[in-house]
S.K.: 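The structure under discussion is supplied below as structure tokens; questions concerning it will follow.
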Amino acid sequence: MFPTSMATSIRNTKMLLRRAFSIKRNEILARNLCFTRTLNANEDQDKSKKVVEEKKNKAELKEAKQKEAKAKLNMLLESMSKTTQKAYPSESKLSLATPKIRAKPAKPVKQPVFNTKIEPEMLQAVEDVSNMLSKEKEALKNSLIAKLEDVADESERARLEPFKPNKQKTEDLNSLLNTLKVDGKKPKNKSPAPKLAPVKIEDIYSAQPSGIFSKAHFIEESSAVSGLATWDMLYEKELELAVTHPPANGFQQMIQWTKQGKVWQFPIDNEQGLDEEAQVGFHEHVFLEPHLKPWCPRRGPVRHFMELVVVGLSKNPYLTVEQKKEHINWFRDFFEAKRSILIDTGAIPDITTKSSPSLST
């Protein structure tokens, strides 16, 4: 009995101790929780107090600054109202500097601008020649520039002129191409063409005439009345279109293009279409200075101008030799008409004086 009661008592004491320990622990936890809550609450209160105090301090500082600024503004206004304005004399005796009035520069006289394709060196030569004349300066200048423009326009028209094939060379080439034959091999397995019996043709005029129209008289149309040339041309064109067929192969197409002047003639050279200049030497196109010897002076603005004209014409491949000579002769006649004025100004020497050389030398 004793040992069992002892064990139960020990067990009960242990349970009591456990309960007491758990109660004590719960109390400690509760106390700690309450303490932490109070601490957090105190910290929050302190923070809120600090924020409120900072806001109050900022508001007070701002208000103080505004009051200080108002006070300074009031002091400034008072000082301005107290100061009296000084009376200055209407006219000062001091000699002050005044800005200088600059005179406007005179506008340069606009010279007429020529819309030409002439080089600046050529225009300068024209200006030098025209400066030799005092009275007819503008008229001389305009006429020379107009002539140079005509030369440039004529060269441009000759350059843009369509190519005209040589008829004789075209006919020779056509005859050569027409004689060409294509030797085609005949197929081996080809059935022979059937031979037809010869057709007997009787002469319808072999019989004796009936003679019923022997006494009839037919009025022949007079050949004096001629139709319009336009109708004849249209009729010939219609006949040509009716007979002309599209090319069957490349050879016929090349022949047709050669007749129309769309392809180069063979043999190809650099002088196709220049049939008139075929008999003229190359030196006659380039060396044009001998045409200046009989009349142009040896030196001076007229000589310089004509040398530029000759150089320009020698480099022009679109004018014939006759056209180049005509342009040079035009300038010769032009300066010959102004001969008296050019002699007075000294542009060309006077052949009547013994000291000056003649124009032909």
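No hydrogens, no waters, no symmetry mates; every other heavy atom, side chains included, goes into these values.
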S.K.: Compare all side-chain heavy atoms of Leu319 with those of Val151 and state whether any distance is below 4.5 angstrom.
M.R.: yes
S.K.: Is it the case that atom CD in Gln253 sees more than 12 heavy atoms from other parts of the structure closer than 6.0 Å?
M.R.: yes
S.K.: If you measure from the Lys or Arg side-chain nitrogens to the Asp or Glu carboxylate oxygens, is any gap between Lys237 and Glu240 under 4.0 Å?
M.R.: no
S.K.: If you round to the nearest 0.5 Å, how far is CH2 of Trp231 from CG of Leu234?
M.R.: 6.5 Å
S.K.: Glu307: which residues meet the side-chain hydrogen bond (donor to acceptor under 3.5 Å, both in side chains) condition with it, sequence neighbours left out?
M.R.: Arg303
S.K.: For Arg157, which residues count as a side-chain contact (heavy atoms from CB on, under 4.5 Å) partner, sequence neighbours excluded?
M.R.: Asp153, Glu154
S.K.: Nearest 0.5 angstrom please: His285 NE2 to Leu313 CG, how far?
M.R.: 11.5 Å
S.K.: What distance do Gln323 atom CD and Asn316 atom CG have between them, rounded to the nearest 0.5 Å?
M.R.: 9.0 Å
S.K.: Shortest non-hydrogen contact from Arg19 to Ser22?
M.R.: O-OG, 2.6 Å
S.K.: At what distance, to the nearest 0.5 angstrom, does CG of Asp128 lie from CG of Leu123?
M.R.: 11.0 Å
S.K.: Can you name the residues that form a side-chain contact (heavy atoms from CB on, under 4.5 Å) with Val286, not counting sequence neighbours?
M.R.: Phe282
S.K.: With rounding to the nearest 0.5 angstrom, report the CZ to SG distance, Phe331 to Cys296.
M.R.: 11.5 Å
S.K.: Among Arg332, Arg298, Met306, which residue meets the side-chain contact (heavy atoms from CB on, under 4.5 Å) test with Leu292?
M.R.: Met306
S.K.: How is the hydrophobic cluster of Leu239 composed, in terms of its other members, when Ile, Leu, Val, Met, Phe, Trp and Tyr link through side-chain heavy atoms under 4.5 Å apart, directly or indirectly?
M.R.: Tyr235
S.K.: Taking only residues two or more places apart in sequence or in another chain, which ones pass side-chain contact (heavy atoms from CB on, under 4.5 Å) with Phe334?
M.R.: Leu140, Ser143, Leu144, Trp330, Lys338
S.K.: Can you name the residues that form a salt bridge (charged side-chain N to carboxylate O under 4.0 Å, His left out) with Glu326, not counting sequence neighbours?
M.R.: none
S.K.: I'd like to check the side-chain hydrogen bond (donor to acceptor under 3.5 Å, both in side chains) partners of Lys262; sequence neighbours left out, ordered by chain and number.
M.R.: Gln260
S.K.: Tell me whether the count of non-hydrogen atoms from other residues, nucleotides or ligands lying under 6.0 Å of CD in Gln252 goes above 12.
M.R.: yes
S.K.: Please report the interatomic distance OG(Ser155) to NZ(Lys315), rounded to the nearest 0.5 Å.
M.R.: 14.0 Å
S.K.: To check you understand the geometry: which heavy-atom pair defines the closest contact between His304 and Ala125, and what is its length?
M.R.: CD2-CB, 3.9 Å
S.K.: Is there a path of hydrophobic side-chain contacts, each under 4.5 Å between heavy atoms of I/L/V/M/F/W/Y residues, joining Val309 to Val311?
M.R.: no
S.K.: Using a side-chain heavy atom cutoff under 4.5 Å and only I, L, V, M, F, W and Y, what cluster partners does Leu241 have?
M.R.: none
S.K.: Supply the members, apart from Val321, of the Ile/Leu/Val/Met/Phe/Trp/Tyr cluster built from side-chain contacts under 4.5 Å; use none for a lone residue.
M.R.: Val280
S.K.: Tell me, please, which residues at least two apart from Ile28 pass side-chain contact (heavy atoms from CB on, under 4.5 Å).
M.R.: Lys24, Asn32
S.K.: Which pairs would a plain distance check flag for residues 55-77, meaning a side-chain donor or acceptor within less than 3.5 Å of a matching protein atom at least two apart in sequence or in another chain?
M.R.:
unit_1 : atom_1 : unit_2 : atom_2 : d
Asn57  : ND2    : Glu53  : O      : 3.1
Asn74  : ND2    : Lys70  : O      : 3.0

S.K.: Considering non-hydrogen atoms only, spot the tightest contact between Pro247 and Gln256 and give its length.
M.R.: CD-OE1, 3.6 Å
S.K.: By side-chain hydrogen bond (donor to acceptor under 3.5 Å, both in side chains), which residues pair with Asp150, not counting sequence neighbours?
M.R.: none
